[in-house]
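Next up is a structure, given as structure tokens.
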Amino acid sequence: MKFQLLTYLTELLYPRLCVVCGDRLIDHEKWICLNCLHHIPRTNFHLQSGNPVSRLFYGRVNIEYATAFFYFSKGSKYQTLLHDLKYRGMKELGEEIGKHFAIDLLKSPEFNSIDIVCPVPLHPSKEKKRGYNQSWWIASGIAKQMNKELSGNNLFRNTATETQTRKSRFARWQNVEGIFELSDPGAFSGKHILLIDDVVTTGATLEACATAILSVTNAKISIATLATA
């Protein structure tokens, strides 16, 4: 009874609100309400070969499959979701939305064939400043929902770089060329790796990560990002 009263008072003083629309969440909703989740502008690229995310890597790096969960544009209410995840400390939001993303991925035989889920890493100095890596939390949700291994430490960033924001495609590629390495290449040998990031724009960072992973014998790589601009 005391616990129920405490829960009621907490909800009254600090109501749980949807990060997209701001409405109060009901009992079984987490971070995002069912209505906003239902209307999220899904790409369904996981069901389309040769989709726009896949085409970003044509002639650049050998990707098996690539997809993004939803479209976003500046000023849309779903941009708030990404901003909250990346800059407002709502790391658990990444895990929750990652689980919903994985439900879609499980509908695709191609993505069912992956062995290991691997997030794009931050440089330790940047992760320390932010307090977490948002891509790790997205990857965690995907790995849990798909019942796959999560590799959070093998791929690492050896150099702190400037932000990619406002850089041209070529400048983005130069900014990240050769900055990713593997601490244990053998762990990825013969495996199909699913590389996870929050947003894909030009694909330069993902390409640099993929290049490092594909240096391993018989490794294969696919890409899944939460959003595409």
Side-chain angles (χ1 to χ4, degrees), residues 18-21 23 28-86 90 92-120 134-148 150 169 192-207 209-210 213 220-229:
C18 173
V19 297
V20 177
C21 68
D23 286 351
H28 299 294
E29 294 174 339
K30 292 183 179 179
W31 296 101
I32 182 170
C33 70
L34 291 176
N35 184 59
C36 287
L37 189 62
H38 177 72
H39 288 98
I40 198 166
R42 285 173 167 81
T43 68
N44 289 314
F45 287 165
H46 60 291
L47 302 175
Q48 305 171 27
S49 60
N51 64 64
V53 176
S54 293
R55 292 199 297 269
L56 284 173
F57 303 97
Y58 284 2
R60 296 165 61 182
V61 66
N62 186 25
I63 298 298
E64 302 295 317
Y65 314 106
T67 188
F69 186 31
F70 65 91
Y71 297 103
F72 91 97
S73 56
K74 287 186 177 181
S76 78
K77 63 182 182 178
Y78 290 97
Q79 185 183 11
T80 304
L81 185 156
L82 293 170
H83 198 271
D84 287 346
L85 167 61
K86 194 167 183 176
M90 298 183 186
E92 293 88 354
L93 169 61
E95 186 170 74
E96 181 65 18
I97 203 71
K99 290 178 180 178
H100 290 290
F101 188 10
I103 291 170
D104 281 2
L105 294 177
L106 286 167
K107 299 172 184 176
S108 166
E110 289 81 5
F111 285 95
N112 265 284
S113 70
I114 65 106
D115 300 300
I116 298 172
V117 180
C118 175
V120 170
Q134 71 278 1
S135 295
W136 185 94
W137 283 88
I138 298 165
S140 175
I142 290 173
K144 286 179 180 178
Q145 190 69 36
M146 297 184 75
N147 195 27
K148 302 293 184 179
L150 174 64
R169 170 176 280 189
H192 185 181
I193 311 301
L194 182 61
L195 185 63
I196 305 298
D197 206 359
D198 53 353
V199 180
V200 59
T201 49
T202 66
T205 299
L206 289 159
E207 178 186 352
C209 289
I213 292 171
K220 297 190 297 183
I221 189 163
S222 290
I223 287 171
T225 67
L226 202 58
T228 180

Practice task
Return yes if some donor-acceptor pair links the side-chain N/O of Lys148 with the main-chain N/O of Ile114 below 3.5 Å, else return no.
Solution key: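 A pair under 3.5 Å: yes.
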
Practice task
Side-chain contact test, heavy atoms from C-beta onward, threshold under 4.5 Å: evaluate it for Phe70 versus Leu82 and give yes or no.
Solution key: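 They are in contact (side-chain heavy atoms under 4.5 Å apart), so the answer is yes.
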
Practice task
Would you mind reporting whether Trp136 and Leu150 have side-chain heavy atoms less than 4.5 Å apart?
Solution key: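 Touching, per the 4.5 Å side-chain cut-off.
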
Practice task
Mind checking the CD1-CD spacing from Ile223 to Glu207? Nearest 0.5 Å is all I need.
Solution key: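 Ile223 CD1 to Glu207 CD: 9.0 Å, rounded to 0.5 Å.
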
Practice task
Step by step, work out the side-chain contact (heavy atoms from CB on, under 4.5 Å) result for Leu56 and Thr202.
Solution key: CA-CA 7 Å; Leu56 284 173; Thr202 66; 5.8 Å; no

Exercise for the section: Could you check if a side-chain atom of Thr225 sits within less than 4.5 angstrom of a side-chain atom of Val199, using non-hydrogen atoms only? Expected result: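 They are not in side-chain contact.
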
Practice task
Any chance you could lay out the side-chain contact (heavy atoms from CB on, under 4.5 Å) test for Leu85 and Ile138, step after step, and finish with the verdict?
Solution key: CA-CA 10 Å; Leu85 167 61; Ile138 298 165; 3.9 Å; yes

Practice task
First locate atom CD of Glu29, then atom CD of Glu96, and finally report the distance between them rounded to the nearest 0.5 Å.
Solution key: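 With rounding to 0.5 Å, CD (Glu29) is 10.0 Å from CD (Glu96).
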
Problem - Atom pair CD1/CZ of Ile40 and Phe72 - distance to nearest 0.5 Å - result: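 Here the interatomic distance stands at 12.0 Å.
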
Handout entry: Lys30, NZ atom: more than 12 neighbouring heavy atoms under 6.0 Å
Key =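 Incorrect, the count does not exceed 12.
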
Handout entry: Gln145 (side chain) donor-acceptor with Gly98 (main chain) under 3.5 angstrom
Key =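 No.
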
Exercise for the section: Going by the side-chain contact (heavy atoms from CB on, under 4.5 Å) test, name the single residue among Asp104, Thr67, Leu47 that passes it with Phe111. Expected result: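 The side-chain contact (heavy atoms from CB on, under 4.5 Å) with Phe111 is passed solely by Thr67 among Asp104, Thr67, Leu47.
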
Handout entry: Student check: side-chain heavy atoms of Val120 and Leu195 closer than 4.5 Å
Key =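 In contact.
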
Problem - Ser113 side-chain N/O to Glu110 backbone N/O, donor-acceptor pair under 3.5 Å - result: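 Indeed, once roles are kept as given, a pair shorter than 3.5 Å links the two residues.
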
Practice task
Using atom types as modelled and distance alone, determine if a side-chain donor or acceptor of Tyr78 lies under 3.5 Å from a backbone N or O of Cys36.
Solution key: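 Yes, because the side chain of Tyr78 sits within donor-acceptor range (under 3.5 Å) of the backbone of Cys36.
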
Practice task
Answer whether the closest heavy-atom distance between the side chains of Ile97 and Leu37 falls below 4.5 Å.
Solution key: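 A side-chain contact exists here, since the closest heavy-atom pair is under 4.5 Å.
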
Problem - Nearest-0.5 Å distance, CD of residue Glu64 to CG of residue Leu194 - result: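 Result: 11.5 Å between the selected atoms.
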
Handout entry: Sidechain-backbone polar pair: Thr228 side chain, Ala68 backbone, donor-acceptor under 3.5 Å
Key =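 Not a single qualifying donor-acceptor pair exists.
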
Practice task
Return the minimal non-hydrogen interatomic distance between Gln79 and Lys74, and the atom names on each side.
Solution key: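 So the two residues come closest at OE1-CA, 3.2 Å.
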
Practice task
For His192 and Ser222, work out which heavy atoms get closest and say how close.
Solution key: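 That would be NE2-OG, 2.8 Å.
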
Handout entry: Under 3.5 Å donor-acceptor, Ser140 side chain and Glu95 backbone
Key =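 Absent.
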
Handout entry: Separation between CG of Asp23 and CD1 of Ile32, rounded to the nearest 0.5 Å
Key =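 Reported to 0.5 Å precision, the distance equals 11.5 Å.
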
Problem - Donor-acceptor contact present, side-chain Asp198 to main-chain Leu226, <3.5 Å - result: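 No, because the side chain of Asp198 does not come within donor-acceptor range (under 3.5 Å) of the backbone of Leu226.
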
Problem - Interatomic distance, Ile142 atom CD1 to Trp137 atom CH2 [nearest 0.5 angstrom] - result: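 Here the interatomic distance stands at 14.0 Å.
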
Handout entry: His39 side-chain N/O to Asn35 backbone N/O, donor-acceptor pair under 3.5 Å
Key =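 Looks like yes, one N/O pair under 3.5 Å.
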
Exercise for the section: For the residue pair Ile63 and Ile221, establish whether any side-chain heavy-atom pair is separated by less than 4.5 Å. Expected result: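 Heavy-atom side-chain distance check passes, below 4.5 Å.
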
Problem - Distance-minimising heavy-atom pair for Ala224 and Leu105 - result: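 Distance-wise, the nearest heavy atoms are CB-CD1, 4.5 Å.
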
Exercise for the section: Locate the shortest heavy-atom distance separating Cys21 from Cys18; write the atom from each residue and the value. Expected result: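 Looking at all heavy atoms of both residues, the shortest contact is N-SG, 3.5 Å.
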
